[in-house]
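Here the structure is a predicted model, which means the values were calculated and not measured.
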Amino acid sequence: MLTIATDIDALARFGRALADPIRCRILLALRQAPAHPAELADALGISRTRLSNHLACLRDCGLVVTVPVGRRVRYELADARLGHALDDLRSAVLAVETDKTCPDAEAQGCC
């Protein structure tokens, strides 16, 4: 049972980060390799402004960090274990995808 506020806060931050599909795509891209913002924006097909807002959220959540590279900045996962966590979450979600647990899943489109 989670009782320590920091554990609960950490999970809430992780959940907030995963709540947006673009942030999920960013995390999955950074799981593959660190990248500069321009590269990420091009790879994801989004504007640099929009990407910047999502990267700021991910930084605030503590999931990504910036690494100065000369006059540029590169983004990477804050901890390599986050990549494994993302893989584990994807596997868990895929394992239960066909077993919708919400009674209103079809109508609500929630699960």
Side-chain angles (χ1 to χ4, degrees):
M1 178 175 176
L2 292 175
T3 56
I4 301 173
T6 55
D7 289 342
I8 294 168
D9 291 342
L11 289 174
R13 286 193 316 268
F14 198 65
R16 184 171 53 247
L18 294 177
D20 186 278
I22 291 175
R23 289 193 294 271
C24 290
R25 291 173 59 205
I26 293 168
L27 289 170
L28 291 174
L30 293 177
R31 182 181 131 277
Q32 297 298 321
H36 295 280
E39 298 165 348
L40 281 171
D42 291 343
L44 299 176
I46 61 174
S47 72
R48 292 181 188 184
T49 302
R50 193 169 183 196
L51 176 76
S52 177
N53 291 333
H54 287 290
L55 286 171
C57 176
L58 292 172
R59 276 193 322 270
D60 291 344
C61 289
L63 300 179
V64 301
V65 294
T66 58
V67 177
V69 180
R71 293 176 31 186
R72 298 174 67 193
V73 67
R74 182 184 71 212
Y75 282 83
E76 59 187 49
L77 294 178
D79 187 315
R81 292 176 292 182
L82 288 171
H84 299 293
L86 291 168
D87 289 339
D88 289 345
L89 283 171
R90 285 179 30 192
S91 296
V93 170
L94 292 175
V96 297
E97 185 176 351
T98 57
D99 180 25
K100 298 192 184 305
T101 56
C102 296
D104 298 325
E106 293 296 323
Q108 301 275 342
C110 60
C111 297

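Nearest heavy-atom pair, L51 versus P37, reported as atom, atom and distance to 0.1 Å: CD2-O, 3.1 Å. The two residues R50 and S47 make their nearest non-hydrogen contact at N-OG, 3.1 Å.
Cluster membership check: V67 does not share its hydrophobic cluster with L40, using side-chain heavy-atom separations under 4.5 Å among Ile, Leu, Val, Met, Phe, Trp and Tyr.
Looking at R25, its side chain does come within 3.5 Å of a backbone N or O of L44 through a donor-acceptor pair.
Using a 4.5 Å heavy-atom cutoff, the side chains of L18 and L86 are in contact. Side-chain contact check for L63 versus R23: every heavy-atom pair is 4.5 Å or farther apart. In this structure, the side chains of Y75 and V65 stay at 4.5 Å or more apart for every pair of heavy atoms. Using a 4.5 Å heavy-atom threshold, the side chains of C61 and R16 count as touching. The side-chain heavy atoms of R90 and L28, taken from C-beta on, include a pair separated by under 4.5 Å.
Atom CZ of R59 has more than 12 neighbouring heavy atoms from other residues, nucleotides or ligands inside a 6.0 Å radius.
Under the salt bridge (Lys or Arg N to Asp or Glu O under 4.0 Å) criterion, D20 pairs with no residue, sequence neighbours left out. For S52, there are no side-chain contact (heavy atoms from CB on, under 4.5 Å) partners two or more places apart in sequence or in a different chain.
Each of L30, L27, D87, L77 was checked for a side chain to side chain contact (heavy atoms under 4.5 Å, CB included) with L82, and the lone residue meeting it is L77.
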